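Comments concern the structure below.
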Amino acid sequence: MRGYLVAGNWKMNGSNASNRALVEGIVAGVPSSSDVQLLVCPPFPYISSVAGLIEGSPVLLGAQNVSAHASGAFTGETAGSMLQDVGCEFVIVGHSERRALMGETSKTVALKFKAALDIGLKPILCVGETLEQRESGQTKTVIDEQMNAVLDEVGIDVFSDAVIAYEPVWAIGTGVTASPEQAQEVHRHIRRLLESHNAGVAERIKILYGGSVKGDNAAGLFSNPDIDGGLIGGASLKSDDFLAIAEAAASLS
Ligand code: 13P
């Protein structure tokens, strides 16, 4: 039983005041099911204060990006050791916004994934196709390229400590969610790819879905055999919305 992970990617949103209200709301409403884990990923400046707000609760902490380098002259970058130092257990790598807007290649993402693992952080590797790629029948080719770049860099065994998030770019922030069938098909493809390297790792790894997940569509997605939770953007910014998704997971566990 893999259990569910419901992760909030706050992206570049929040303030001290709004974070406090959000986190206090989440902490007060964590579902009692031990099969559902909640994770929040605030922007860098707020990680330490959010760490204080979740202290003593089961809510987990992550970051949205990490440097591929361990330390040194990399102005504006943040090392994995620093994220760990301030309480992070997870870090998102390869989000489509970073791939598209910051020019991160699959190779860069693979190096960040490796840097996270080297320091003991759990990377959440985001993969996903654009609408154009889906419509031209390229979805699985794109996913394979993004996955294989990381597999080639680090091998399969360390995926035991990682999470994958399938996030179709066309579903992110658009209100258009992949149907449960569309999502399950890609999730199964990802698990089969991992299975071709190591069946045990493939069976254990959590594969999250991301892209316009809301309280009212979460159960339909999460009830599929290869969907182990969600990476949530917009609906992670209000505690009631985020908790509705967590409750949907709890109702299935
Ligand atoms: P939305 O939930 O706002 O579509 O964002 C999804 C996402 O990009 C999470 O990383």
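All figures in this text were calculated on a predicted structure; none of them were measured in a lab. Counting starts at 1 for both ligands and their atoms, in listed order.
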Q. Can you tell if the side chain of K114 reaches within under 4.5 Å of the side chain of D118, non-hydrogen atoms only?
A. yes
>> What I'd like to find out is whether the side chain of E153 reaches to under 4.5 Å of the side chain of K107, using heavy atoms alone.
In response: yes
For G211, the atoms of ligand 1 under 4.0 Å from one of its heavy atoms are 4 (O), 6 (C)
Near A171 (heavy-atom distance under 4.0 Å), the atoms of ligand 1 are 4 (O)
query = Going through the checks in order, is the side-chain contact (heavy atoms from CB on, under 4.5 Å) test met by W10 and V50?
reply = CA-CA 12 Å; W10 295 0; V50 170; 3.9 Å; yes
Under 4.0 Å between heavy atoms, the region of A165 that gets near ligand 1 turns out to be neither
Honestly, for N9 the part within reach of ligand 1 (heavy atoms, under 4.0 Å) is side chain
Looking at [atom], what's its closest protein heavy atom, distance included?
atom                   : value
atom 2 (O) of ligand 1 : G233 N, 2.9 Å
atom 7 (C) of ligand 1 : E167 OE2, 3.2 Å
atom 3 (O) of ligand 1 : G234 N, 2.8 Å

Looking at G175, G128, G173, the heavy atom closest to atom 4 (O) of ligand 1 belongs to G173
Check your understanding: Would you find a donor on one side and an acceptor on the other, under 3.5 Å apart, between the side chain of E195 and the backbone of E203?
Key -> no
So ring-ring contact (aromatic ring centres under 6.0 Å, His included) across residues 83-127, not counting sequence neighbours, yields F113-F159
Applied to residues 168-188, the ring-ring contact (aromatic ring centres under 6.0 Å, His included) test, sequence neighbours excluded, yields Y166-H187
Residues L231, I92; criterion side-chain contact (heavy atoms from CB on, under 4.5 Å); working and verdict: CA-CA 10 Å; L231 183 55; I92 297 168; 4.2 Å; yes
**OP:** Say whether T174, considering both its backbone and side-chain N or O atoms, lies within less than 3.5 Å of an N or O atom on ligand 1.
**Re:** no
